[in-house]
Amino acid sequence: MTEQNTPTQAVAEAEVPAQPTAPDHTAPQDTAPQDTAPQDTVPGQWAAPATPAALDTDAATSEAAPANPFAAPEVPAGPKDRRGLFAALRWTAAALVFAAVGTGVAYQVTQPERTDIPGLSTASDGRWAYPTLSQPALPPGAAVPFAQDNLDGIHYAGLTQLLLPAPTGSTPDSTLKLEKDEAVSVDGFLEEYAATEREKMKEQFTNEGLRQIVARGWTTPDGTRTRVYLLRFHASGFVDTFEGCGRDMALNGVKLMGSDLDWSKGKVGQSSPALNFVSLFAESKPVGDEQVKAGCIQSGDIQAVILQTRKGQVATVPFHQTVILQNQLLG
């Protein structure tokens with residue numbers, strides 16, 4: 001990065017006109033206080049999840065306004081003649097110009113790119129503004145998932161605390177059949193799948209130790225409908241048997257699912273916390289009026305299933321953002 005001259009250095013390097021009639025006058029040295037560029041709060045993510053995730057998400061999602069880039073300069077002592085006054089004004093103007101330019105450049109350099117922050121909504125790429133994410137409180141003595149004394153990845157936090165919050169500006173999905181404390185029945189969850197698959201999956205849940213299902217759903221102004229399901233099993237070994245994810249997943253009303261090629265090509269932001277396994281799928285063409293995309297996260301004793309539908313096509317960026325942030329919460 002190119003080093004910027006401070007206002008004092010810029011003044012020192014300027015030519016000083018001779019003052020033969022006023023040798024006792026020295027040019028006032030203006031000190032322009034250095035203004036540190038504001039650092040964006042990373043909503044939806046915490047320092048590495050986390051904010052992943054960082055886990056930021058709520059939480060401020062707006063960018064902090066920069067402070068006054070320079071303070072008012074000190075008033076110099078009254079000059080003995082008009083030439084001294086003009087010299088003082090010229091020095092003061094030069095200091096203010098260099099202070100403004102230096103501060104502006106520093107602000108631009110230190111400001112993080114908004115497109116690098118998953119939790120922020122940006123007009124350039126369509127990301128949603130999520131609340132700042134935070135790790136849920138654990139019962140006394142409980143270990144975090146994948147710690148040395150919890151290698152199986154048991155999540156001791158309340159399951160609803162691990163659900164991704166809805167983004168700003170969205171409305172709750174009234175079609176989601178929620179019971180008390182955002183719980184969902186097995187039958188309610190299985191409505192997402194083809195009728196021919198439901199009986200087999202229900203039997204599997206009974207035999208493979210399913211304990212609880214919770215969900216949260218919302219619709220954004222662009223018409224995207226999102227449903228996030230968390231399924232808690234008795235242990236990670238039972239999660240391995242879940243057959244509700246994959247390219248052959250039989251979702252209700254979907255003819256064929258394939259791998260999400262955009263996710264496969266992308267590299268940034270896809271690292272999984274701890275031992276989480278993440279896979280994304282998209283409805284293959286031809287699609288109907290709406291396209292469906294699915295994100296699956298296996299994290300210890302929890303299986304997450306994220307579904308997004310939208311008329312025409314599901315937007316890539318907010319879909320990936322939603323999966324990344326939910327992944328961070330589970331990490």
Side-chain angles (χ1 to χ4, degrees), residues 44-58 118-119 130 132-165 181-184 186 189 192 201 204-216 226-247 249 259-260 263-264 267 269-281 294-307 320-331:
Q45 183 165 269
W46 51 78
T51 177
L55 283 196
D56 249 198
T57 213
D58 112 359
Y130 280 95
T132 300
L133 304 184
S134 59
Q135 293 176 322
L138 296 176
V144 297
F146 309 108
Q148 288 297 321
D149 52 349
N150 185 14
L151 294 179
D152 195 44
I154 301 298
H155 292 75
Y156 292 102
L159 200 54
T160 55
Q161 292 180 286
L162 296 171
L163 273 172
L164 183 66
D181 297 328
E182 297 182 287
V184 176
V186 171
F189 171 69
E192 298 285 3
M201 293 181 67
Q204 178 200 33
F205 288 154
T206 302
N207 297 333
E208 301 296 342
L210 176 66
R211 296 175 54 193
Q212 182 185 8
I213 305 176
V214 297
R216 183 168 292 152
T226 303
R227 288 94 69 207
V228 179
Y229 295 93
L230 297 184
L231 291 73
R232 191 201 297 271
F233 291 80
H234 284 289
S236 62
F238 296 106
V239 181
D240 292 337
T241 65
F242 180 69
E243 297 180 355
C245 284
R247 287 180 295 180
M249 60 192 304
S259 297
D260 183 347
W263 175 264
S264 302
K267 300 298 180 183
Q270 294 189 24
S271 58
S272 298
L275 300 178
N276 293 358
F277 179 75
V278 182
S279 54
L280 274 67
F281 308 94
C296 298
I297 306 170
Q298 182 178 328
S299 177
D301 61 334
I302 292 178
Q303 174 70 54
V305 179
I306 302 167
L307 301 174
H320 289 181
Q321 178 194 18
T322 301
V323 175
I324 289 171
L325 295 181
Q326 181 60 73
N327 184 39
Q328 292 176 352
L329 271 174
L330 293 176

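Contact of the Phe205 side chain with the Phe242 side chain is registered, since non-hydrogen atoms from C-beta on lie closer than 4.5 Å. Counting only heavy atoms from C-beta outward, the side chains of Asp301 and Phe238 never approach each other to under 4.5 Å. Taking 4.5 Å as the limit, some side-chain heavy atom of Asn276 sits within range of a side-chain heavy atom of Phe146. Inter-residue side-chain proximity for Gln298 and Asp240 is flagged as met; some heavy-atom pair is nearer than 4.5 Å. Considering only heavy atoms from C-beta on, Ile306 comes within 4.5 Å of Ile297 through its side chain. Side-chain contact between Val214 and Leu162: absent, with no pair of heavy atoms (C-beta onward) separated by less than 4.5 Å.
Judged by distance alone, the side chain of Gln326 and the main-chain N or O of Leu164 form a donor-acceptor pair under 3.5 Å. Side-chain atoms of His155 do not come within 3.5 Å of backbone N or O of Gly300 as any donor-acceptor pair.
Going from atom CG of Leu330 over to atom CG of Leu163 covers 9.0 Å, rounded to the nearest 0.5 Å. Atoms CG and CZ, from Leu159 and Arg232 in turn, are 4.5 Å apart once rounded to the nearest 0.5 Å.
Here the shortest heavy-atom pairing between Cys245 and Gln303 reads SG-NE2, 3.9 Å. Here the closest heavy-atom approach between residue Leu329 and residue Pro165 is recorded as CD1-CD, 4.3 Å. Across all their heavy atoms, Ile154 and Asn150 have their closest contact at O-ND2, 2.8 Å. In this structure, Asp152 and Ala235 approach most closely via the heavy-atom pair OD2-CB, 3.7 Å. Between Val239 and Phe233, the closest heavy-atom pair is CG2-CD1, 3.6 Å. Considering every non-hydrogen atom in both Pro136 and Ala157, the closest pair reads CG-CB, 3.6 Å.
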ask   = How far apart are the C-alpha atoms of Asp260 and Phe281, what are their side-chain angles, what is the distance that settles it, and do they pass the side chain to side chain contact (heavy atoms under 4.5 Å, CB included) test?
value = CA-CA 5 Å; Asp260 183 347; Phe281 308 94; 5.7 Å; no
Pair Arg211-His234, side chain to side chain contact (heavy atoms under 4.5 Å, CB included): steps then yes or no = CA-CA 7 Å; Arg211 296 175 54 193; His234 284 289; 3.3 Å; yes
key: From CA spacing to verdict: side chain to side chain contact (heavy atoms under 4.5 Å, CB included), Val186, Thr206   = CA-CA 10 Å; Val186 171; Thr206 302; over 6 Å; no
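Side chain to side chain, Glu192 and Tyr229 meet the donor-acceptor criterion of an N or O pair below 3.5 Å.
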